[in-house]
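First up is the structure itself, then whatever we jot down about it.
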There are 2 protein chains.
Amino acid sequence: MAVSVRDVAAAASVSVGTVSNVLNRPDKVSPATVERVHAAIQELGFVRNDAARQLRAGRSRSIGLVVLDVRNPFFTDVARGAEDRAAEDGMTILLGNSDENADREGSYLDLFEEQRVRGVLITPLTDDLPRLERLQGRGTPVVLVDREAADRRFSSVAVDDVVGGELAVRHLAEVGRRRIAFVGGPMAIRQVTDRLEGARRAVAATPGMTIEVVETESLTVLAGRAAGAGIRERVASDRPDAIFAANDLLAMGVLQALMMQGTVRVPEDIALIGYDDIDFASAAVVPLSSIRQPAALIGYTAVDLLLKEAGEAEDGGRERERVIFQPELVVRGSTVADSASSPP
Amino acid sequence: MAVSVRDVAAAASVSVGTVSNVLNRPDKVSPATVERVHAAIQELGFVRNDAARQLRAGRSRSIGLVVLDVRNPFFTDVARGAEDRAAEDGMTILLGNSDENADREGSYLDLFEEQRVRGVLITPLTDDLPRLERLQGRGTPVVLVDREAADRRFSSVAVDDVVGGELAVRHLAEVGRRRIAFVGGPMAIRQVTDRLEGARRAVAATPGMTIEVVETESLTVLAGRAAGAGIRERVASDRPDAIFAANDLLAMGVLQALMMQGTVRVPEDIALIGYDDIDFASAAVVPLSSIRQPAALIGYTAVDLLLKEAGEAEDGGRERERVIFQPELVVRGSTVADSASSPP
DNA sequence: GTTGAGGAATGAATCGTTTCAGCAATCCCG
DNA sequence: CGGGATTGCTGAAACGATTCATTCCTCAAC
């Protein structure tokens with residue numbers, strides 16, 4: 001049934017070695033032969049068997065990527081960037097979605113290791129990293145994504161979330177807000193706590209500013225809606241005058257809940273800022289101010305580091321690298337009333 | 001460096017065959033031996049090489065899925081459903097994103113075929129299907145997703161887009177609208193033309209109703225915003241009193257553009273309905289009426305058909321199947337002013 | 001004590017590709 | 001025109017897991 005190099009070789013009256021050369025080093029083969037072999041391939045409908053190639057090569061040409069939530073556009077953007085960089089070297093991204101669930105995270109890691117991926121990019125669920133260390137110890141490079149490596153055990157690509165949180169709340173201060181609510185959770189996720197810490201710094205730097213924390217169970221639109229509803233239902237004097245949401249999904253949920261029945265005006269009564277600057281943020285009816293992270297660039301860079309490390313692994317001289325990007329404030333209508341809508 | 005079954009066998013003082021049996025048919029091996037082998041595996045940190053397994057087995061344990069746009073939540077939901085069904089049989093989904101680009105679509109198909117995937121699920125770009133036929137002819141079953149197979153050459157899982165379009169516009173008629181604009185494109189995409197056709201049917205069935213078509217370049221928020229801006233800028237008497245957008249991404253763009261500067265009220269001045277019922281639709285500040293498609297179920301069913309077909313292929317008796325789901329109208333605030341917000 | 005049945009373990013063959021040492025033919029140059 | 005270099009091609013070995021015909025043991029039955 002399946003057509004193999006052997007069949008092609010027979011059909012073109014050459015050896016299997018030559019067929020392989022035509023496929024991989026056509027310049028080493030005479031033009032006439034190349035043509036004959038190609039004709040045979042065409043005629044028989046030969047398709048390389050990647051499993052055999054991989055077996056021979058000892059490793060695959062793919063890279064595993066485990067994200068917290070594929071439904072979050074931030075992560076699909078990261079994936080896109082990773083894919084672009086991978087494609088430059090003829091490699092492929094395998095996308096795994098841990099869904100904030102440790103078991104799923106684990107089974108993707110197992111799968112990727114059995115596939116002998118070139119390396120793993122991961123936004124780990126918790127700070128419990130021994131599993132990743134073992135993986136790396138067995139020869140699969142690991143790069144942490146959107147999470148700074150605490151020490152030199154892993155390479156990492158991240159955005160400074162503390163600075164991002166600070167930016168967000170400093171902006172709220174500048175537009176005159178003083179009673180801040182931070183909406184986010186669970187606190188086990190590092191990004192959440194870092195952003196909160198940044199927020200607290202900005203609060204500390206502004207006389208008269210206060211912050212309360214409204215913890216959520218996840219980083220989704222639904223969780224945001226619940227948190228927002230809670231705030232809307234308070235008596236007006238108890239409400240904050242600004243909300244900093246740990247990501248845009250939450251912020252959009254909060255926004256919807258606040259505006260329900262016209263109780264609360266955004267930004268007049270409550271200013272709102274999110275995090276990630278996903279596409280939907282600018283598309284919201286009150287366009288969302290947010291903290292932009294270079295999502296695609298993060299993915300791109302992560303693959304870059306990975307390939308570099310994988311290359312050097314052979315020489316034994318493994319160099320761990322940490323790349324940190326700076327986040328950027330994007331001001332839109334949800335914090336500044338008359339702000340023109342964003343340009344294209 | 002790499003630990004193989006041979007090493008494990010040596011460490012446990014058994015043959016390689018026994019190691020394999022421990023891994024795949026532990027009941028055929030005495031308990032004491034099983035334990036010894038497991039100990040050796042643990043100690044050496046042995047991890048199966050999937051490439052070797054695949055090579056031997058002749059096919060992989062994954063299924064390729066090619067979608068038009070990963071950034072569209074509809075497709076991530078399809079992927080999720082597919083993944084669930086695949087997991088039931090211990091299989092994996094490889095996700096490819098054609099991005100409405102024929103070259104990318106093609107390279108994913110090549111890749112998947114080289115990987116000897118169990119089959120391919122695809123939302124094809126155009127109606128030009130010979131390539132898929134060749135693929136299928138070479139032994140890789142193909143299931144069309146969200147696209148009805150014109151004939152019996154392929155299995156398919158789809159939602160009746162004509163009925164969906166009809167539902168949407170009939171609803172607009174029922175809430176008293178008569179001057180409809182259809183926003184969508186490009187017209188090469190089947191889903192778009194089918195939904196338009198359904199819309200036209202509803203229009204034809206309603207005395208005094210008219211429809212105009214505002215064509216877009218893609219099915220994205222950005223394209224929707226452009227189309228919406230065009231409509232907003234018309235003199236009020238030239239504006240439609242209802243808009244049917246070909247998908248929710250477009251609808252959200254349209255919504256944002258319409259409401260800019262308070263020019264147009266939704267739904268009072270213009271009612272708006274989208275398609276897909278993505279999560280963001282209900283989270284929009286004016287919650288979007290939409291046509292719900294069972295996205296996850298589509299993915300689930302597609303894998304189901306694929307596995308069935310792949311199983312039967314061995315007996316030669318290939319059965320092509322077509323499954324068609326019915327879409328469902330979801331009414332929210334963007335078409336009915338006082339409609340309560342959706343329940344959880 | 002012999003036979004047979006059945007459980008447990010063996011190890012060579014296999015999957016399809018790539019690699020590489022080696023062979024043959026051709027070419028260049030003194 | 002002989003010797004070294006170059007070019008084009010060959011075919012066996014290797015990658016690592018699985019399979020399966022075969023061997024080895026034990027124990028029960030007669």
Side-chain angles (χ1 to χ4, degrees), chain A residues 1-38 40-41 44-61 90 110-111 113-118 138-140, chain B residues 1-38 40-41 44-61 90 110-111 113-118 138-140:
Chain A
M1 177 84 241
V3 181
S4 79
V5 273
R6 224 168 298 277
D7 302 317
V8 173
S13 319
V14 294
S15 73
V16 292
T18 299
V19 175
S20 178
N21 281 333
V22 168
L23 259 21
N24 302 301
R25 295 180 219 75
D27 50 308
K28 296 280 169 203
V29 182
S30 75
T33 309
V34 169
E35 186 155 352
R36 256 201 353 271
V37 171
H38 273 141
I41 288 176
L44 299 176
F46 166 77
V47 176
R48 266 148 120 135
N49 184 323
D50 199 55
R53 300 185 76 190
Q54 277 188 208
L55 173 56
R56 186 66 238 259
R59 56 190 179 162
S60 83
R61 285 172 5 268
D110 286 345
L111 182 69
E113 192 174 8
E114 290 190 358
Q115 308 243 40
R116 297 293 189 272
V117 295
R118 212 56 146 264
R138 277 189 237 106
T140 305
Chain B
M1 178 85 241
V3 182
S4 81
V5 274
R6 226 167 297 277
D7 302 316
V8 173
S13 320
V14 296
S15 71
V16 292
T18 300
V19 175
S20 177
N21 280 333
V22 169
L23 258 22
N24 302 300
R25 295 179 219 73
D27 49 308
K28 295 283 170 201
V29 182
S30 76
T33 308
V34 169
E35 186 154 352
R36 252 197 1 267
V37 171
H38 273 143
I41 288 176
L44 300 178
F46 166 77
V47 176
R48 269 149 120 135
N49 183 322
D50 200 54
R53 300 185 75 191
Q54 277 188 207
L55 173 58
R56 187 68 239 261
R59 56 189 180 165
S60 82
R61 282 165 15 264
D110 286 346
L111 181 69
E113 192 174 9
E114 290 191 358
Q115 307 242 41
R116 298 292 190 271
V117 294
R118 215 52 151 266
R138 278 189 236 107
T140 305

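So you know, we letter chains A, B, ... as the sequences are listed, proteins then strands, and number each from 1.
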Distance check: side-chain N/O of [X] vs OP1/OP2 of [N], anything under 4.0 Å?
X     : N      : result
A:N24 : C:dT18 : yes
A:T18 : D:dT10 : yes
A:S4  : C:dG16 : no

Which is true for [X] with a 4.0 Å heavy-atom rule: it touches a base, it touches only sugar-phosphate, or it touches nothing?
X     : result
B:V19 : nothing
A:S30 : sugar-phosphate
B:R25 : sugar-phosphate
A:G17 : base
A:S20 : base
A:R48 : sugar-phosphate

[X] [atom1] to [N] [atom2]: how many Å, rounded?
X      : N      : atom1 : atom2 : value
B:D27  : C:dA8  : CG    : C1'   : 12 Å
A:D50  : C:dC15 : CG    : C1'   : 14 Å
B:Q115 : C:dT17 : CD    : P     : 14 Å
A:L55  : D:dA13 : CG    : P     : 17 Å
A:E35  : D:dG8  : CD    : P     : 16 Å
A:Q54  : C:dT18 : CD    : C1'   : 14 Å
B:R36  : C:dT10 : CZ    : P     : 8 Å
B:R59  : C:dT14 : CZ    : P     : 21 Å

> For the atom pair CZ (B:R48) and CD (A:E114), what is the distance rounded to the nearest 0.5 Å?
Replying inline: 6.0 Å
> When you match A:R56 and B:V16 each to their closest nucleotide on DNA chain C, which lands nearer the 5' end?
Replying inline: B:V16
> Hey, which of these two, B:A52 or B:K28, hits DNA chain C nearer its 5' end, going by closest nucleotide?
Replying inline: B:K28
> Considering only heavy atoms from C-beta outward, does the side chain of A:N49 approach that of A:Q54 to under 4.5 Å?
Replying inline: no
Starting the side chain at C-beta, find the nucleotide from [options] nearest to [X].
X     : options                : result
B:L23 : C:dT10, D:dT18, C:dT18 : D:dT18
B:V5  : C:dT10, D:dA17, C:dG16 : D:dA17
B:F46 : D:dA17, D:dG8, D:dT10  : D:dA17

Taking all atoms of both residues into account, what is the closest heavy-atom pair of [X] and [Y], and its distance?
X     : Y      : answer
A:S60 : A:V117 : OG-CA, 3.5 Å
B:D50 : A:Q115 : OD2-OE1, 3.6 Å
A:V5  : A:F46  : N-CE1, 3.6 Å

> What residue among A:V19, A:V29, A:N21 forms side chain to side chain contact (heavy atoms under 4.5 Å, CB included) with A:V37?
Replying inline: A:V19
